[in-house]
Amino acid sequence: MTDRPRVFVTRPLPAGGTDPLASADGPGPPCEIIQRTDDEPLDKDGLIAVLEDGIDGVVAVLTERFDADVFAAGKGRLRVVSNVAVGYDNIDLDAATAAGVVICNTPGIVDDPTADVAFLLILAASRRASEAEAILRRGEWTGFHMEDFLGRDVKGATLGLVGYGGIGRAVARRAQGFDMEVIHHARRPTGDPGYIDDLHELLGRSDVVSLHVPLSPQSRHLIGRAELAAMKRTAVLVNTSRGPVVDEEALAEALEQGVIFAAGIDVYEREPAVHPRLLAAPGAVLLPHIGTATVARRTAMSQMASASARGVLAGEMPEYALNPEAAGSPLSRD
Ligand code: GLV
């Protein structure tokens with residue numbers, strides 16, 4: 001009898017999300033799935049306790065943090081952590097490689113839903129939708145007035161994308177429908193039209209700035225006081241990437257002082273906490289990290305991560321492995 005690899009799934013996933021782990025069609029034998037039913041983040045001690053129990057693979061979401069201690073608890077048995085997200089700032093990739101653990105993520109599939117939310121925020125923040133709706137819901141709307149709720153035109157505006165991967169490009173495609181001029185900044189020249197080498201130049205030229213960079217030590221607080229000051233006073237900032245890319249306190253201050261016009265935010269520095277000054281800031285449209293939250297995408301992301309985990313456990317190297325070299329590390333078993 002072939003041993004069934006034991007795969008721990010850290011949170012409930014949409015129906016069908018773990019099917020690739022269980023299917024009879026391979027690759028390799030079907031996995032034994034140990035899935036938490038508690039839909040709260042699992043802390044480090046909890047994760048260590050589960051891994052010490054003998055686990056070959058993990059399907060994780062972005063609230064679970066994997067560092068060297070956690071990989072050590074895998075005791076050389078753990079071979080893959082497959083993240084149901086494109087961002088993998090919750091995982092120490094170097095520590096994973098050193099421990100012989102392959103890390104996978106879900107790129108591509110997240111691009112369209114996240115770009116939709118970025119555009120939703122571009123429109124909502126430019127047109128002051130949250131503020132207007134809140135006034136209506138409080139029963140304070142006194143009727144149509146020519147000069148109430150005046151926002152900014154999106155059509156024809158200049159959109160500055162910071163980061164130009166799959167999500168940034170998907171936002172650029174949507175912007176074409178609004179006749180926007182699209183410029184972009186990335187750490188390395190993209191060779192594409194509209195590339196601006198200097199971040200501050202892009203900020204100064206844009207009517208809307210939308211952030212699409214992964215969180216890394218280099219991108220932490222990429223947008224702080226100085227960058228907000230470089231933006232137009234009429235500009236809108238949108239963040240659907242990771243919260244710590246923006247200095248939340250500086251953003252709240254910029255909104256309070258009219259340094260920029262508005263902001264549309266889906267991600268926060270200390271989720272689920274939101275800076276109280278940001279909650280109170282004028283012009284802030286705030287969503288609770290829903291970038292990829294559609295039934296179809298969250299299901300597909302879960303299946304993609306499950307399939308990658310199964311592939312690694314069957315000795316294959318999935319397309320979306322971030323550190324395929326880990327499979328050859330001295331600690332890995334093959
Ligand atoms: C969601 O935030 C993701 O990184 O896919």
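Below, all heavy atoms of this structure are taken into account, side chains as well, without hydrogens, waters or symmetry copies.
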Looking at side-chain heavy atoms only, is the closest gap between Phe71 and Ile91 below 4.5 Å? yes
Under the salt bridge (charged side-chain N to carboxylate O under 4.0 Å, His left out) rule, collect the residues that match up with Asp67, sequence neighbours excluded. Lys44
Residues in side-chain hydrogen bond (donor to acceptor under 3.5 Å, both in side chains) with Arg36, at least two apart? Asp38
Identify whether the distance between the nearest side-chain nitrogen and carboxylate oxygen of Asp179 and Lys155 falls below 4.0 Å. yes
Can you tell me how far apart CD (Glu227) and CG (Leu199) are? Round to the nearest 0.5 Å. 6.0 Å
Show the numbers, then the answer: is there a side chain to side chain contact (heavy atoms under 4.5 Å, CB included) between Asn105 and Leu322? CA-CA 7 Å; Asn105 69 342; Leu322 293 157; 3.9 Å; yes
One thing to verify: whether Arg6 and Glu32 come together as a salt bridge, which I'm taking to mean a side-chain N less than 4.0 angstrom from a carboxylate O. yes
Contacts of Lys75 that satisfy side-chain hydrogen bond (donor to acceptor under 3.5 Å, both in side chains) - sequence neighbours left out: none
Apply the test side-chain hydrogen bond (donor to acceptor under 3.5 Å, both in side chains) to residues Tyr195 and Asp197: give CA-CA distance (whole Å), side-chain angles for both, the deciding distance (0.1 Å), then the verdict. CA-CA 6 Å; Tyr195 173 74; Asp197 184 49; 3.3 Å; yes
Distance (rounded to the nearest 0.5 Å) between Ile103 CD1 and Leu93 CG: 6.5 Å
Suppose we screen for salt bridge (charged side-chain N to carboxylate O under 4.0 Å, His left out). Which residues come up paired with Glu131, at least two apart in sequence or across chains? Arg128
Hey, any chance Val238 and Val171 share a hydrophobic cluster, counting ILVMFWY side chains that come within less than 4.5 Å of each other, even indirectly? yes
What pair of heavy atoms forms the shortest contact from Ala125 to Gly264, and how long is it? CB-N, 4.0 Å
When you compare the side chain of Phe66 with that of Leu47, does any pair of heavy atoms fall below 4.5 Å? yes
Do side-chain atoms of Ser206 reach the backbone of Leu203 as a donor and acceptor pair under 3.5 angstrom? no
Pairs meeting criterion salt bridge (charged side-chain N to carboxylate O under 4.0 Å, His left out) with involvement of residues 184-193, two or more places apart: Arg169-Asp192
Donor-acceptor list for residues 21-30 side chains, cut-off 3.5 Å, not counting sequence neighbours:
from: Ser23; atom 1: OG; to: Asp25; atom 2: N; distance (Å): 3.2

Walk me through it: do Asp207 and Leu159 pass the test side chain to side chain contact (heavy atoms under 4.5 Å, CB included)? CA-CA 6 Å; Asp207 300 305; Leu159 171 64; over 6 Å; no
Quick one: ring pair (Phe, Tyr, Trp, His ring centres under 6.0 Å) pairs with a partner in residues 141-172, sequence neighbours left out? Tyr164-His184
Table please: side-chain donor-acceptor pairs of residues 281-295 below 3.5 Å, with sequence neighbours left out.
from: His289; atom 1: ND1; to: Glu271; atom 2: OE1; distance (Å): 2.9
from: His289; atom 1: ND1; to: Glu271; atom 2: OE2; distance (Å): 3.2
from: Thr292; atom 1: OG1; to: Arg298; atom 2: NE; distance (Å): 2.8
from: Thr292; atom 1: OG1; to: Arg298; atom 2: NH2; distance (Å): 3.2
from: Thr294; atom 1: OG1; to: Arg297; atom 2: N; distance (Å): 3.1

Looking only at non-hydrogen atoms, find the nearest pair between Val59 and Ala309 and report the distance. CG2-CB, 4.1 Å
Is the CD atom of Glu201 crowded by more than 12 outside heavy atoms at less than 6.0 Å? yes
Say you draw a straight line from NE2 of His185 to CD1 of Ile183; how long is it, rounded to the nearest 0.5 Å? 11.0 Å
Qualifying residues under ring-ring contact (aromatic ring centres under 6.0 Å, His included), relative to Phe8, sequence neighbours excluded: none
Side-chain ion pair, Arg11 and Asp39, N-O less than 4.0 Å: yes
Decide whether Asp266 and Thr240 meet the rule of one side-chain donor and one side-chain acceptor closer than 3.5 Å. no
Check the hydrophobic clustering (I, L, V, M, F, W, Y; side-chain heavy atoms under 4.5 Å; chains of links allowed) and say if Val162 and Val110 are grouped together. no
Hydrophobic clusters here meaning ILVMFWY residues chained together by side-chain heavy-atom distances under 4.5 Å, can you tell me if Val86 and Leu13 are in one? yes
Contact between Val312 and Cys104 at the side-chain level, heavy atoms closer than 4.5 Å - yes or no? yes
As a quick check of understanding, evaluate side chain to side chain contact (heavy atoms under 4.5 Å, CB included) for Gln35 and Thr10, giving each step before the final call. CA-CA 6 Å; Gln35 182 157 20; Thr10 65; over 6 Å; no
Taking the side chain as everything from C-beta on, heavy atoms only, tell me whether Thr158 gets closer than 4.5 Å to Val182. no
Can you tell me how far CG of Asp69 sits from CG of Asp92, rounded to the nearest 0.5 angstrom? 10.0 Å
Quick one: list whatever passes side-chain contact (heavy atoms from CB on, under 4.5 Å) with Asp247, sequence neighbours left out. His221, Glu249, Ala250, Glu269
Can you confirm whether Leu313 sits close enough to Val80 that some side-chain heavy atom of one is under 4.5 Å from a side-chain heavy atom of the other? yes
Single-linkage hydrophobic cluster Leu278~Leu228, side-chain heavy atoms < 4.5 angstrom: yes
To check you understand the geometry: which heavy-atom pair defines the closest contact between Ser308 and Pro318, and what is its length? O-CG, 3.4 Å
Assigning hydrophobic clusters by single linkage (Ile, Leu, Val, Met, Phe, Trp, Tyr; side-chain heavy-atom cutoff under 4.5 Å), is Ile260 placed with Val246? yes
At what distance, to the nearest 0.5 angstrom, does OH of Tyr88 lie from OG of Ser82? 13.5 Å
Can you confirm whether Asp56 sits close enough to Val7 that some side-chain heavy atom of one is under 4.5 Å from a side-chain heavy atom of the other? no
Ion pair present between Arg174 and Asp116, side-chain N to carboxylate O less than 4.0 angstrom? yes
Given Asp89, which partner from the list Arg65, Arg220, Arg242 fulfils the side-chain hydrogen bond (donor to acceptor under 3.5 Å, both in side chains) test? Arg242
Going through the checks in order, is the side chain to side chain contact (heavy atoms under 4.5 Å, CB included) test met by Val50 and Ile55? CA-CA 7 Å; Val50 174; Ile55 292 291; 4.0 Å; yes
Please report the closest heavy-atom contact between Leu251 and Leu237, naming both atoms and the distance. CD1-CD2, 4.0 Å
Output yes when a side-chain donor or acceptor of Asp153 lies under 3.5 Å from a complementary backbone atom of Ala157, and no otherwise. no
Is any side-chain heavy atom of Pro107 less than 4.5 Å from a side-chain heavy atom of Met304? yes
Which pairs with one or both residues in residues 242-276 pass ring pair (Phe, Tyr, Trp, His ring centres under 6.0 Å), sequence neighbours excluded? none
Do Arg152 and Thr234 come close enough that some side-chain heavy atom pair is under 4.5 Å? yes
Heavy atoms only: give me the nearest Asn90-Val61 pair and the separation to one decimal. ND2-O, 3.5 Å
Closest non-hydrogen atom pair between Leu202 and Leu161, with its separation: CD1-O, 3.8 Å
In chain order, what residues pass the salt bridge (charged side-chain N to carboxylate O under 4.0 Å, His left out) check against Glu133, with sequence neighbours excluded? Arg137
